[in-house]
Amino acid sequence: MPESILPLSFYSDYDTRTLAEKLLGCELVHESPDGITSGIIVETEAYLSDDPACHAYNRRTTRTEPMYGVAGTSYVYLIYGMYECFNVVSNKEGIGEAVLIRALQPVQGIEIMEMRRQLIPGRSAEKLRTKPLKLSDLCKGPGNLARAMGIQRSVHNNTLLNTKTLYIKERAVQNLDVATSKRIGINVGVDLLYRFYIKDSIFASKL
DNA sequence: AAATCGATTGCT
DNA sequence: GCAATCGATTTG
């Protein structure tokens, strides 16, 4: 069977909300120096150019410039000074839309993910986790996901997702039961149903 | 130049 | 409920 890395055309074939839904069930893969880690995408959020919650809404700045790139570009940003969030840029070059990847069902490199999640950000230095993390919490939430996957702004921001290092593989299963909801953690555009998740997945960050 | 804020997380 | 932490953005 052929390698199933999504081509860049996949990211421009759909509007951003459709892409957010289509990415569910696909496998995000990072082939890092530490080893390969991957997981099935179970939760996403769409951010549109006419949407006040979107970083690129009426703003084309240093930070948001990757969002204006070609579909299939990565946008990794720092949030609250300590977590990174991974997005896939969508729509046409110059528009400024993206899909936030919010949670994964871990597949490959689970031990590597557990190692990466050992240090707890925000505590006084060298603070380590005492209790073991549940598998269902490893890649739950955008900050935890990026951390577990070893995705860093300094390395992966504004790169194309068709490389052999960081990419997404096509959905292996059909007929996913997809649910929609309001997005999490925003203060504007709060009523838009732009969050998508696999119904009943224990790996999604919230019901 | 200084203040403000955040698409989060984990502990109290 | 709220502190941690920092770069991008705004001038609060």
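What's counted below: heavy atoms across the whole structure, side chains too, no hydrogens, waters or symmetry copies. Letters go in sequence order (proteins before strands), and every chain restarts at 1.
One atom, CG of L78(A), and another, P of dT9(B), lie 13 Å apart when rounded to the nearest Å. Rounding to whole angstrom units, CG of residue N144(A) and C1' of dA4(C) are separated by 15 Å. To the nearest angstrom, C1' of dT8(B) lies 18 Å from CZ of F86(A). Between D137(A) atom CG and dC11(B) atom P the separation is 12 Å, expressed in whole Å. Here dT8(B) presents its P atom at 11 Å from CG of N87(A), a figure rounded to the nearest Å. As a whole-Å value, the separation of I101(A) CD1 from dT8(B) C1' is 17 Å. If you measure from atom CD1 of I184(A) to atom P of dG6(B), you get 17 Å, rounded to the nearest angstrom. The distance between atom NZ of K134(A) and atom P of dG10(B), rounded to the nearest whole Å, is 12 Å.
With P as the reference atom, dT5(C) and dG1(C) are 23 Å apart, rounded to whole Å. The P atoms of dG12(C) and dC5(B) are separated by 11 Å, rounded to the nearest whole Å. Going from the C1' atom of dA7(B) to that of dT11(C) covers 24 Å, rounded to whole Å.
Applying the 5.5 angstrom centroid cut-off and the 30 degree plane-angle cut-off, the aromatic ring of Y80(A) is stacked upon the base of dT8(B).
Dashed line: the shortest gap from a side-chain N or O of R183(A) to OP1 or OP2 of dT8(B) is not under 4.0 Å. Residue R147(A) places none of its side-chain N or O atoms closer than 4.0 Å to OP1 or OP2 of dT9(B). A close approach under 4.0 Å does occur between a side-chain nitrogen or oxygen of N187(A) and OP1 or OP2 of dG6(B). Contact annotation: R63(A) side-chain N/O to dC5(B) OP1/OP2 distance is not under 4.0 Å.
Listed nucleotides dG10(B), dT8(B), dT5(C) differ in distance to M82(A); the shortest reach to its side chain belongs to dT5(C). Taking the side chain of R153(A) as heavy atoms from C-beta on, and the options dC6(C), dA8(C), dT8(B), the nearest nucleotide is dA8(C).
With a cut-off of 3.5 Å on both Watson-Crick or G-U wobble distances, the partner of dT5(C) is given as none.
Ion pairing between K131(A) and D137(A) fails under the 4.0 Å rule for side-chain N and carboxylate O.
Counting non-hydrogen atoms under 4.0 angstrom, R117(A) reaches the backbone sugars and phosphates but no base. Residue R129(A) is classed as a sugar-phosphate contact, given heavy-atom separations below 4.0 Å to backbone atoms only.
Side chain of R102(A) to main chain of E45(A): no donor-acceptor pair is present (N/O by atom type, distance under 3.5 Å, no hydrogens or angles). Between the side chain of S201(A) and the backbone N or O of V42(A), no donor-acceptor pair lies under 3.5 Å. The backbone N or O of Y47(A) sits nowhere less than 3.5 Å from a side-chain atom of R183(A) that would complete a donor-acceptor pair.
No N or O donor and acceptor, one from the side chain of Y77(A) and one from the base of dA8(C), sit under 3.5 Å apart.
Of the two residues near DNA chain C, I79(A) and T62(A), the one whose nearest nucleotide lies more 5' is I79(A).
Taking the side chain as every heavy atom from C-beta outward, E65(A) and N158(A) never approach each other to under 4.5 Å.
The six-membered or imidazole ring of Y77(A) lies near that of H55(A), with a centre-to-centre distance under 6.0 Å.
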